[in-house]
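Structure record follows, encoded as structure tokens.
Quick caveat, the model's predicted, so the values are computed rather than measured.
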Amino acid sequence: MARVVERIDAEQDASPDLETISGWAGFSPYHFHRQFRALSGMPVQRFVQLSRLHRAGTKLAYQPRTRVTDAALDAGYEAPEAFTRAFRAWIGQTPSAFRAGPDWLAWQALSNTLQATRNRAMVETTAIDDVEIRVFASVHVAVMAHRGDMAKIGDTIRRFIDWRQSAGFVPPGSRTFNLFPTDPRTTPIEDHLVMLCASVPAWFAGDSPAGVRVDEIPGGRYAVLPITGPAMDLEESALWLYREWLPASGESLRDYPLFCERVRLYPQFSATEALTEMFLPLA
């Protein structure tokens, strides 16, 4: 089942039928669809559809110049009308309306459904040996802060992407970081803070009208955990570092927030190629 999910994620441009998918698993089509549904909680063809819709919707949300026709083709639909019907059935908005002003709650519900299915099918286990202790060189960054309800962070991300494009600080020439100064489990929702960061040259002094300031991510020793996939919810990975890795490592922490680097961004890369690295600062 894990092999099937990996192939579906890797071959985003394909529209495999049941016989092809069951062949990836080495099962008969007569039994495979029941096995997949029993394990993952949804029919395999629905998982294929949601994976395609999710990738297309991510492009519409964060790459607003994406044409609906191109998003439809990317999602495996030959006709934009069929794509629009499927998208509206899951999100409650047409693709063009979502691109203009996403319903983030509906989008998060779709993301959660898809991730829960991946989790049940993949049953991945993070191991202590997955973590590398690395010396990180300091990075000068431009920062846009999101404070408050995480359900609305998509609007801040869109503003930050627009600013990066207008300022010319875009990947791969500019690296992408997220800093997490507060703990969502213990911080009141109105005070929760996430900082969106892009690496910039030392001469850059900030952009007050856009709400962008400059800062530096300090160099030093860090524990680094690689995370493959879209990595839209990193809380479980962060908890694992604190709960499992840190006590077993014998290391102690430095007074600086946990952060991540989006090394290969989804959806520019497929769900199997996208890579995020989580950094835990060490003394």
[X]: partners by side-chain contact (heavy atoms from CB on, under 4.5 Å), with sequence neighbours left out:
X      : result
Glu251 : Ile133, Arg221, Trp245, Leu246, Ser249, Leu282
Ser174 : Arg164, Phe169, Ala198, Ser199
Asp70  : Arg67

Report the C-alpha separation of Glu235 and Arg185 in whole Å, then their side-chain angles, then the decisive distance to 0.1 Å, and conclude whether the side-chain contact (heavy atoms from CB on, under 4.5 Å) test is met. CA-CA 10 Å; Glu235 184 62 17; Arg185 297 165 299 160; 3.4 Å; yes

Please round to the nearest 0.5 Å and tell me the distance separating atom [atom1] of [X] and atom [atom2] of [Y].
X      : Y      : atom1 : atom2 : result
Asp103 : Phe98  : CG    : CZ    : 8.0 Å
Ser96  : Leu60  : OG    : CG    : 9.0 Å
Ile21  : Gln45  : CD1   : CD    : 4.5 Å
Thr113 : Gln108 : OG1   : CD    : 10.0 Å
Leu179 : Leu196 : CG    : CG    : 9.5 Å
Phe83  : Thr69  : CZ    : OG1   : 9.5 Å

Are [X] and [Y] close enough that some pair of their side-chain heavy atoms sits under 4.5 Å apart?
X      : Y      : result
Asp215 : Cys197 : no
Val131 : Trp240 : yes
Val44  : Phe32  : yes

Would you please test Thr66 and Arg99 for side-chain contact (heavy atoms from CB on, under 4.5 Å) and show each step? CA-CA 9 Å; Thr66 301; Arg99 181 179 56 191; 5.5 Å; no

Ignoring hydrogens and geometry beyond distance, is a side-chain donor-acceptor pair present between Ser270 and Glu273 at under 3.5 Å?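 Glu273 and Ser270 do have a side-chain donor-acceptor pair below 3.5 Å.
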
Answer yes if the side chains of His192 and Thr187 hold a donor-acceptor pair under 3.5 Å, and no otherwise.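 Not at all, the side chains of His192 and Thr187 share no donor-acceptor pair under 3.5 Å.
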
Stepwise, does the side-chain contact (heavy atoms from CB on, under 4.5 Å) test hold for His146 with Leu193? CA-CA 6 Å; His146 174 82; Leu193 179 64; 6.0 Å; no

Please tell me whether [X] and [Y] are part of a single hydrophobic cluster in this structure, the criterion being side-chain heavy atoms less than 4.5 Å apart.
X      : Y      : answer
Leu234 : Phe160 : yes
Ile153 : Ile189 : no
Val5   : Phe27  : yes
Ile91  : Trp104 : yes
Leu53  : Ile8   : yes

Under the criterion side-chain contact (heavy atoms from CB on, under 4.5 Å), I'd like the reasoning laid out for Val263 against Thr276: C-alpha separation, chi angles, the key distance, then a yes or no. CA-CA 5 Å; Val263 180; Thr276 299; over 6 Å; no

Considering residues, nucleotides and ligands other than [X], do more than 12 of their heavy atoms fall under 6.0 Å from its [atom1]?
X      : atom1 : result
Arg65  : CZ    : no
Glu190 : CD    : yes
Arg264 : CZ    : yes
Arg34  : CZ    : no

Could you check Gln49, Arg85, Arg52 and say which one makes a side chain to side chain donor-acceptor pair (under 3.5 Å) with Tyr77?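 So the option named by the test is Gln49.
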
Taking only Lys NZ, Arg NE, NH1 and NH2, and the carboxylate oxygens of Asp or Glu, determine whether Arg262 and Glu277 approach each other closer than 4.0 Å.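 Not counted as a salt bridge, because no side-chain N and carboxylate O are separated by less than 4.0 Å.
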
Just say parallel, tilted or perpendicular for the rings of His54 and Trp107, cut-offs at 30° and 60°.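 Aromatic pair His54/Trp107 classed parallel.
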
Which label fits Tyr256 and Phe259: parallel for a plane angle under 30°, tilted from 30 to 60°, or perpendicular past 60°?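 Plane angle over 60°, so perpendicular.
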
Give me the one residue out of Pro171, Pro230, Pro172 that meets side chain to side chain contact (heavy atoms under 4.5 Å, CB included) with Leu265.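 The passing option is Pro171.
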
Tell me whether Arg254 forms a cation-pi arrangement with Tyr222, defined as NZ or CZ under 6.0 Å from the six-membered ring centre and within 45 degrees of its axis.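 Here Arg254 passes the 6.0 Å and 45° test against Tyr222.
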
Please confirm whether the backbone N or O of Leu239 pairs with a side-chain atom of Glu244, one donor and one acceptor, at under 3.5 Å?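 Such a contact is absent between Glu244 side chain and Leu239 backbone.
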
